[in-house]
Protein chains: 2
Amino acid sequence: MTPVATAAGTRELPHPTRAEIRLEGVLHALSDPVRLRIVRDLAADGGALFACSYFDLPVTKSTTTYHFRVLRESGVIRQTYRGTAKMNGLRRDDLDALFPGLLDALLAAAARQAAAVEGG
Amino acid sequence: MTPVATAAGTRELPHPTRAEIRLEGVLHALSDPVRLRIVRDLAADGGALFACSYFDLPVTKSTTTYHFRVLRESGVIRQTYRGTAKMNGLRRDDLDALFPGLLDALLAAAARQAAAVEGG
DNA sequence: CTCGTAGTACGTCGGGTGTCAAACTACGGC
DNA sequence: GCCGTAGTTTGACACCCGACGTACTACGAG
């Protein structure tokens, strides 16, 4: 069996269109420390793509999958398969078009808070 | 009994200090449609204060109390008693100091989305 | 004092969230 | 073909969240 399109074999991931992205969903996605960290790391290296395994998260693989899915379904990141890896990238263009300045303000706020916490 | 300081009689509400405000908490507070609406209304009239009953929310009184408490405990609003009413105001000074530009970006994003939804 | 208005506290309830372990699928290399 | 690596799925779990009704408290007006 498993002729075509098992859940994992689909090789095609559902993303919300730009118009479907909801501010509340984005804020909810970013209100989790793990997910906020992921987005910060993603934004740190420009528009580069990173596999899930690139991130050093304090949770198991299955929890990691869950968090990336929340980020994708809220429209914050875009995920594409590349061989056995799943590459993740910020949807900066869509977010900037929908909510100009928001992503930068959020990233700046996160950086500021991280500096305040780590720096004492 | 109830000589002094019952929970309601305290007439003093716990607020986080500026340093205690966490970005994740603010985002979580704003990720609920009812609370986002409250903050938008609060911001619409400058720094004016409004009683809870000023807002026309699609929930009961007890749920309203809950949402205002979430906003207060996350540091988004400040609540003070004024007779039998409880006045609510945005903590714009604290938020702007902690996360410059964030609140304005969030309000602009919310306004933009509201316009897109209502305007078709 | 009594009444009305504004808001709180408490108990409850269904559903969502974040976490894990274990078993599984998909791809690339050998 | 077989194995390892990367990620998924499922089920379970404890906890939190948003909603409600009811009973309650606080203050001001009369």
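Predicted, not measured: the structure shown is a model, and the values here were computed from it. We name chains A, B, ... by the order of the sequence lines, and we start the count at 1 in each one.
Shown are B:Asp93, B:Asn88, B:Asp94; of these, the side-chain hydrogen bond (donor to acceptor under 3.5 Å, both in side chains) with B:Arg78 is made only by B:Asp94.
Looking at heavy atoms from C-beta onward, B:His67 lies out of side-chain contact with B:Leu57 at the 4.5 angstrom threshold. The closest side-chain heavy-atom distance from B:Leu98 to B:Arg18 is below 4.5 Å.
The existence of a salt bridge linking A:Asp104 and A:Arg92 is confirmed by a sub-4.0 Å separation between a basic side-chain nitrogen and an acidic carboxylate oxygen.
Interatomic distance, A:Leu71 CG to A:Gln79 CD, rounded to the nearest 0.5 Å: 8.0 Å.
In this structure, B:Leu103 is a member of the same hydrophobic cluster as B:Leu36, with clusters built from ILVMFWY side-chain heavy atoms closer than 4.5 Å.
Against DNA chain C, the stretch residues 58-72 of chain B makes heavy-atom approaches under 4.0 Å through B:Lys61, B:Ser62, B:Thr65. Across residues 26-55 of chain A, A:His28, A:Asp32, A:Arg35 each have a non-hydrogen atom less than 4.0 Å from an atom of DNA chain C (numbered order).
Atom CD in B:Glu24 sits roughly 17 Å away from atom C1' in D:dC16 (whole-Å rounding). One interatomic measurement links the two molecules: CD of A:Glu12 to C1' of D:dG7, which rounds to 17 Å at whole-angstrom precision. Rounded to a whole Å, the CG atom of B:Leu13 is 12 Å from the P atom of C:dG7. Atom pair B:Leu57:CG and C:dA6:P shows a separation of 14 Å (rounding to whole Å applied).
Looking at residues two or more places apart in sequence or on another chain, you find no side-chain hydrogen bond (donor to acceptor under 3.5 Å, both in side chains) involving A:His28.
In this pair, B:Phe55 and B:Phe68 present their aromatic rings tilted. The plane angle is within the 30 to 60° band.
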